[in-house]
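Report on one structure; see the data block that follows.
In this text, all values refer to a predicted model and were calculated from it rather than measured experimentally. Position 1 is the first residue of the sequence; numbering continues from there.
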Amino acid sequence: MGRNKFSHGEITEIAKLLRQKNAGNRGQQKQVRHVLRVDYGFNISDFNEPGKAFGDEELHQAIARGAIQILDDATITAMKEKRARDKARDAAQQEQEAIANGATDWKEAMKEWEAWEKEKTDKE
């Protein structure tokens, strides 16, 4: 599930992308859906009826029924920063768990490799 809270500017851009998606061929539609998911955290499947096209009109209907909320830019920025911090924290926690379960600590291995490379270069 993606986000359901966006700034007014993001909604304007999402609506524009949805118009491009509906006007494009299959490959272009796929590319637009990717941009929506990656850049905006917007998953069409969170808001549409299966089997129906989702465009800017359906976007505004989702806003009207309360499925999508429009918040101010500062709130959205704070939410994105928190999401990034949470994601980094979760990744670090997963890395530590993997190392504790016997996985190679790739950061430590890279330091050893660089030290070996430096030592090899210094000898030449």
Is any side-chain heavy atom of Arg89 closer than 4.5 Å to one of Asp86? yes
Working to the nearest 0.5 angstrom, can you tell me the gap between Lys16 NZ and Gln20 CD? 6.0 Å
Which hydrophobic side chains are connected to Ile63, either touching it within the sub-4.5 Å cutoff or through other members that do? Phe6, Ile11, Ile14, Leu17, Leu18, Val32, Val35, Leu36, Tyr40, Phe42, Ile44, Phe47, Phe54, Leu59, Ile68, Ile70
Tell me whether Asp90 is salt-bridged to Lys87, with the criterion being a basic N under 4.0 Å from an acidic carboxylate O. no
Under the 3.5 angstrom rule, does the side chain of Asn25 hit a backbone N or O of Gly27 as a donor-acceptor pair? yes
Quick one: do Lys21 and Arg33 satisfy side chain to side chain contact (heavy atoms under 4.5 Å, CB included)? Show the steps, please. CA-CA 8 Å; Lys21 177 189 75 74; Arg33 286 191 304 271; 3.9 Å; yes
Does Glu49 have more than 12 heavy atoms from other residues, nucleotides or ligands lying within 6.0 Å of its CD? no
Gap separating the CG atom of Asp73 from the NZ atom of Lys80, nearest 0.5 angstrom: 9.0 Å
Would you confirm whether Asn43, through its side chain, and Ser45, through its main-chain N or O, come within 3.5 Å as a donor-acceptor pair? no
Identify the two heavy atoms, one from Gly2 and one from Asp46, that lie closest to each other, and give their separation to 0.1 Å. N-OD2, 2.8 Å
Connected hydrophobic set around Trp106, excluding itself, where side chains approach under 4.5 Å: none
When every non-hydrogen atom of Lys5 is compared with those of Ile76, the smallest separation belongs to O-CD1, 3.5 Å
CD-CD1 distance between Glu95 and Ile99, expressed to the nearest 0.5 angstrom: 4.5 Å
Side chain of Glu13, backbone of Glu10: donor and acceptor closer than 3.5 Å? no
I need the full list of side chain to side chain donor-acceptor pair (under 3.5 Å) pairs touching residues 56-72, with sequence neighbours left out, sorted by first then second residue. Arg19-Asp56, Asp72-Thr75
Starting at CZ of Arg85, measure out to NZ of Lys82 and round the result to the nearest 0.5 Å. 7.0 Å
